Amino acid sequence: MFDDLSDLYQQVILDHCKKPRNFHEIPGATCSAHGHNPLCGDNLKLFLTIDGDRIQDAAFVGSGCCISKASASLLTESVKGRTREEARQTFDKVREMVTTGKVQDGVGKLAVFAGVYRFPARVKCAILAWHALVAALEDPGKSVTTEDEQT
Ligand code: ZN
């Protein structure tokens, strides 16, 4: 399995998988959402603290495969300081990358997930945290399952 995925498990992904950033709950978070990917067993809960229209803090807890954890870790770094609309646009870019393999402008380190498109079974792992983000922004407290969602 690791041989097949050696391209995919790039250094950044491994690093964030082993040492996830912002890996904790946020007491008193403005909103949160739970994400579940039954195909792989990934489970995570995302927390956001929003002030006005801007995401001040983001964190997550949960368990799952390397891709899902690294994706959630990079998500929390990426959305801090962004507005709701910017976060939503970043979701669209990540979805575009993991389904087409085309790196989008302004995504920074998230570009590592462009390689996921070659592994269709892993797309839901990579996008799970992003579905949770959108759910938290639109419907705080929602539980999302990637099976219900069009990736
Ligand atoms: Zn997974």
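We count ligands from 1, going down the list as the structure has it; atoms in each ligand are counted the same way. Here the structure is a predicted model, which means the values were calculated and not measured.
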Checklist line | Heavy-atom donor-acceptor pair, Ser71 side chain to Ile67 backbone, under 3.5 Å | finding: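 Checking the backbone N and O of Ile67 against the side chain of Ser71, no donor-acceptor pair under 3.5 Å is found.
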Next item on the list: Report the residue from Glu86, Arg84, Arg82 that forms a side-chain contact (heavy atoms from CB on, under 4.5 Å) with Asp53.
Entry: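 Exactly one option meets the side-chain contact (heavy atoms from CB on, under 4.5 Å) with Asp53, and it is Arg84.
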Notebook entry, point to check: Under 2.8 Å from the Zn ion (ligand 1), protein N/O/S atom count?
Noted result: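 Under the 2.8 Å cut-off, the count stands at 5.
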Item checked: Contacts of Ser73 that satisfy side-chain contact (heavy atoms from CB on, under 4.5 Å) - sequence neighbours left out ->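 So Ser73 forms a side-chain contact (heavy atoms from CB on, under 4.5 Å) with His16, Pro20, Arg21, Phe60.
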Next item on the list: Could you tell me the separation between the SG atom of Cys31 and the CD1 atom of Ile50, rounded to the nearest 0.5 Å?
Entry: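 That separation rounds to 4.0 Å.
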Notebook entry, point to check: Can Lys45 and Glu25 be said to form a salt bridge (Lys or Arg N to Asp or Glu O under 4.0 Å), step by step?
Noted result: CA-CA 8 Å; Lys45 189 170 182 187; Glu25 297 192 10; over 6 Å; no
Next item on the list: Quick one: do Asn37 and Thr146 satisfy side-chain hydrogen bond (donor to acceptor under 3.5 Å, both in side chains)? Show the steps, please.
Entry: CA-CA 5 Å; Asn37 173 16; Thr146 55; 3.1 Å; yes
